[in-house]
Amino acid sequence: MGVLRRILGVTGGLAAGAVVLAGCTPAATVAPGPHASDPMCAEVLRATPQELGGLERRSTTSQSTRAWGDPPITLRCGVEVLGPTTEHCVTITSPDGPTVDWVMREPEDGQADVLTLTTFGRSPAVEVQVPQQWEGQGHDAILSDLAPAITLVPQTRECLSLEEDPL
C-alpha cells in the first residue's frame, strides 16, 4: 500500500510538473543589437516594466533584449544610433514627465505587420517593435510605460519638425 501511494505521489507530481511546463511560453527570439554589451543597456533593462500594455514580460534569447506578450512586443538595447533623418519622429511625454523622441521606420521586408520605433538622440539607441495586432494597446501608452527606463540614457539630440519656423 505504501509503495502504491509513493508511485501515485510520484506520478501525480510528474503530471503536475507537465501541466506547469505546458503553460510556459517559449523564449522570444530577438536578435541582439550590435552594441548590446554597452553597460547602459543593463541599466535600461533593469528598469523595464514587468507588464507592458497589459502584457506580461517573457524571456528572450539574447543579451540586452526584452519581450512582452505573444506575438511579442520586443525591445532591443544597443542598436545603431540614428543620425539626422527625414523619417517620422514623435516625442512621447509620459504622465510623470519624462519625454523620449522616437523615429518610426518603414516596415522591413517580411515585417509589414510590425511597427519599428527607435530612440533618437540617445546612445545606446533602443528599438521597440510592436506587432500590428497590439496596436489596440496604444503605441503612446506602450512607449510612455518604457520612458522611465529609456530616460536613463542621456539625451544628446532631439527631434525637430520640418514644419517648424527656424526664426
Side-chain angles (χ1 to χ4, degrees), residues 17-85 87-94 96 98-159:
V19 169
V20 169
L21 289 176
C24 292
T25 305
T29 302
V30 183
H35 309 289
S37 61
D38 187 305
M40 196 77 227
C41 286
E43 299 298 319
V44 169
L45 291 177
R46 269 195 287 276
T48 59
Q50 184 65 33
E51 190 176 282
L52 183 65
L55 305 171
E56 285 294 316
R57 189 164 68 196
R58 57 190 275 202
S59 61
T60 59
T61 58
S62 58
Q63 178 182 2
S64 296
T65 62
R66 285 279 191 252
W68 296 264
D70 188 22
I73 293 173
T74 61
L75 177 147
R76 297 188 318 145
C77 184
V79 297
E80 292 295 340
V81 173
L82 299 176
T85 181
E87 292 186 78
H88 185 64
C89 190
V90 295
T91 300
I92 302 295
T93 303
S94 63
D96 55 349
T99 62
V100 179
D101 290 338
W102 296 90
V103 173
M104 290 189 203
R105 291 186 291 152
E106 293 297 318
E108 297 177 14
D109 291 336
Q111 292 190 329
D113 61 342
V114 176
L115 176 65
T116 300
L117 300 118
T118 307
T119 56
F120 183 79
R122 296 176 190 270
S123 180
V126 176
E127 174 189 271
V128 174
Q129 290 191 323
V130 181
Q132 185 176 22
Q133 72 188 76
W134 298 125
E135 284 182 4
Q137 308 300 80
H139 299 121
D140 289 0
I142 289 168
L143 298 176
S144 181
D145 287 349
L146 292 171
I150 302 302
T151 56
L152 293 174
V153 179
Q155 183 174 7
T156 58
R157 294 179 293 149
E158 60 185 41
C159 290

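In this text the structure is predicted, and so the values were computed from the model without any measurement.
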Subject >> Spacing of CG belonging to D113 relative to CD belonging to Q133, to within rounding of 0.5 Å >> reply: 8.0 Å
Subject >> From CG (D145) to CG (D140), nearest 0.5 Å >> reply: 11.0 Å
Original post:
Is E80 close to P34 at the side-chain level, that is, under 4.5 Å between some pair of heavy atoms?
Top reply: yes
Original post:
Between atom CD of Q50 and atom CG of L55, what is the distance when rounded to the nearest 0.5 Å?
Top reply: 12.0 Å
Original post:
Any side-chain heavy-atom pair from P49 and L146 closer than 4.5 angstrom?
Top reply: yes
Subject >> Spacing of CZ belonging to R122 relative to OG1 belonging to T151, to within rounding of 0.5 Å >> reply: 6.0 Å
Original post:
Of the non-hydrogen atoms in Q155 and R157, which two are nearest, and what is the gap between them?
Top reply: NE2-O, 2.9 Å
Subject >> Spacing of T85 atom OG1 and R105 atom CZ [to the nearest 0.5 Å] >> reply: 9.5 Å
Original post:
Do I73 and I142 come close enough that some side-chain heavy atom pair is under 4.5 Å?
Top reply: yes
Subject >> Heavy-atom pair of closest approach, residues A67 and A28 >> reply: CB-CB, 3.7 Å
Original post:
Going by heavy atoms in the side chains, are Q63 and C41 under 4.5 Å from each other?
Top reply: no
**OP:** List the atom of R76, the atom of V30, and the distance in Å for their closest heavy-atom pair.
**Re:** CG-CG1, 3.5 Å
Original post:
Got R57 and L52 here, is their nearest side-chain heavy-atom distance under 4.5 Å?
Top reply: no
Original post:
Do V79 and C77 have side chains that get closer than 4.5 Å, going by heavy atoms?
Top reply: no
Original post:
Of all heavy-atom pairs between R66 and T60, which one has the smallest distance, and what is that distance?
Top reply: C-CG2, 3.6 Å
Original post:
Would a 4.5 Å heavy-atom cut-off, applied to side chains only, mark T118 and W102 as touching?
Top reply: no
**OP:** Can you see which heavy atom on A47 is nearest to which on L152, and at what distance?
**Re:** CB-CD1, 3.7 Å
Original post:
At what distance, to the nearest 0.5 angstrom, does CD1 of I150 lie from OG1 of T48?
Top reply: 9.0 Å
**OP:** Using modelled atom types only, decide if a donor and an acceptor are shared between the side chain of T65 and the backbone of L75 within a distance under 3.5 Å.
**Re:** no
**OP:** Of all the heavy-atom pairs spanning C159 and D101, show the shortest one and how long it is.
**Re:** N-OD2, 2.7 Å
Subject >> Test item: T119 and V100 side chains (from C-beta on) under 4.5 Å apart, heavy atoms >> reply: yes
